Amino acid sequence: MQVTKGMVGHGFYDGHSAPQWEATAHVLPWLEEAAAALDLPDRGVITLADFGCSEGRNSVAVMQHLVTALRTRSERPIRTIHSDLPTNDFTDLFALLNPEAGSAFADDHVYSSAVAGTMFRQLLPPASVQMAMTFNAIGFLSRRPLDRLPGYILANGPSALNPVGHVSTAERAAFAQQADADLRSFARARAAELVPGGKLLIEVFGAGETLRTCDGIYDVLNDAVLDALKAGMLTQEAYARYYQPVYMRRLDEVLAPFEDSNSDLNTLFMRERSELYEIPVSFVDAFQQNGDVATYAKAYTDFFRAFTETSLRLNLADSADLEGLLRYIYARAEQRVCETPERYPFNYIAMAVLLTRKE
Ligand SMILES: C[S@@+](CC[C@H](N)C(=O)[O-])C[C@H]1O[C@@H](n2cnc3c(N)ncnc32)[C@H](O)[C@@H]1O
């Protein structure tokens, strides 16, 4: 079974990914500092590549910041590369890069392209990239490590607040191992593409000491899928086989491949900085201020629908009325948040590491 086809397209992901932008914006100063210190080529082009760009709004915004930072140092042509799975909806990206009035960038010498392919293999020519990055994407696994996850819809398991369901230690370990292997594949591919001295920024959602980005959102989605099960809309076997192909890493799990003295990645990259952080979520803040639970429930559900629906669709493809089932699940999720918002609190925990490709 395919793992994911990307996010919900037709502008839906772009319209419901403000928290992902906040998580990205937190590390923009790192990227701008890195751009200020980067060895720039005297000839040829400066290449910036973003892996897991989705529909492009956040990806183009990052590149706009970087182009501005680099222009203070160099007149060289800049190439921005926006990459995602071949099944990703690139339509909005192309529209953003080609606005009716001129360029997406405040500069004429920026040349953009999209590259389709999995980020877990090399996609660009050797030693051709100055800065590579990925935001809110590397938590998606390259493959399903297990056929079934019968007790819950995410390998990290339910939140402490809402312990409905169970994931065994062995099940969880299978996902942690897959996530580790994926991160190593990603870093090796980028090591091949980066020039010596080039920068790699990895930012992703995940788990902190107590809070995890999966809490709340996957609890309510799990509850809504169980509602569909109770209503006879899907079988127990279909529930057992369905899970989101995502793993929420801890910061130490992101750093491990680069600190492991037996790993080639330790010799390929030098760690510049890393951080675990929490970002404010606009729809949570608005709800705390205005108490408008219906608006909150809609924004909350649309937010996680944008990145969960495709996997749900792939998993439940055998269903007689797939569209009806999906409508029911997300409507139930929204209703549940509306009725008991305190059961599904949401916090966005992110982590980032900035690395330099060694000589
Ligand atoms: C939550 S979105 C993040 C989009 C954007 N970077 C942002 O921060 O708003 C995750 C993206 O990762 C992409 N993705 C998942 N697995 C991938 C893979 N193996 N290779 C490339 N992209 C992948 C998805 O298609 C999706 O567009």
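As the structure is a prediction and not an experimental result, all values here were calculated from the model. Whatever order the structure lists them in is the order used to number ligands and atoms, beginning at 1. The basis for the numbers below is simple: all heavy atoms, side chains too, and nothing from hydrogens, waters or symmetry mates.
- With N136 contributing its side chain and Q20 its backbone, the two residues share a donor-acceptor pair below 3.5 Å.
- Neither the backbone nor the side chain of S17 comes within 4.0 Å of ligand 1, counting heavy atoms alone.
- Counting atoms of ligand 1 from 1 in the listed order, those under 4.0 Å from a heavy atom of T118 are 18 (C), 19 (N), 20 (N).
- Interatomic distance, CE of M248 versus OG1 of T213, reported as 5.5 Å (0.5 Å rounding).
- Remark: minimum distance from atom 15 (C) of ligand 1 to any protein heavy atom is reached at F140 CB, 3.6 Å.
- Of all protein heavy atoms, the one lying nearest to atom 21 (C) of ligand 1 is M119 N, 3.5 Å.
- Which of D14, L141, D84, V246 comes nearest to atom 24 (C) of ligand 1 through a heavy atom is settled by distance: it is D84.
- To the nearest 0.5 Å, atoms CD1 (I217) and OH (Y348) are separated by 8.0 Å.
- At least one heavy atom of F120 sits closer than 4.0 Å to an atom of ligand 1.
- Polar contact check, F307 against ligand 1: no nitrogen or oxygen pair lies under 3.5 Å apart.
- Counting the atoms of ligand 1 from 1 in the order shown, those under 4.0 Å from a heavy atom of N58 are 7 (C), 9 (O).
- Checked by distance only, ligand 1 and Y13 come closer than 3.5 Å through their nitrogen or oxygen atoms.
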Worked check of salt bridge (Lys or Arg N to Asp or Glu O under 4.0 Å) between E171 and R148: CA-CA 9 Å; E171 285 168 338; R148 296 154 55 88; over 6 Å; no

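- Below 3.5 Å of separation, one finds no N or O of K5 facing any N or O of ligand 1.
- Counting only non-hydrogen atoms, the option in T310, L123, N136, I138 that gets closest to atom 8 (O) of ligand 1 is N136.
- The ligand atoms of ligand 1 that sit less than 4.0 angstrom from a heavy atom of Q20 are 8 (O), 9 (O).
- Residue F135 has at least one N or O atom closer than 3.5 Å to an N or O atom of ligand 1.
- Inspection of the E342 and Y344 side chains reveals no N or O donor paired with an N or O acceptor under 3.5 Å.
- Relative orientation of the F90 and F94 rings is tilted, given thresholds of 30° and 60° on the angle between their planes.
- For an aromatic pair to be called close, the ring centres must be under 6.0 Å apart, and F303 with F346 satisfies this.
- With hydrogens left out, the protein atom closest to atom 18 (C) of ligand 1 is L85 CD2, 3.5 Å, a heavy atom.
- When only non-hydrogen protein atoms are considered, atom 12 (O) of ligand 1 lies nearest to A137 CB, 3.3 Å.
- With rounding to the nearest 0.5 angstrom, the OG1 atom of T356 is 12.0 Å from the CZ atom of R271.
- Protein heavy atom at the shortest distance from atom 5 (C) of ligand 1 is G52 O, 3.3 Å.
- One distance of note links CZ of R343 with CG of L161; it measures 8.5 Å at 0.5 Å rounding.
- For ligand 1, the atoms lying closer than 4.0 Å to a non-hydrogen atom of S54 are 4 (C), 27 (O).
- With hydrophobic clusters built from ILVMFWY side chains whose heavy atoms lie under 4.5 angstrom apart, F283 does not share a cluster with F12.
- In this structure, the ring of Y243 has its center less than 6.0 angstrom from the ring center of F175.
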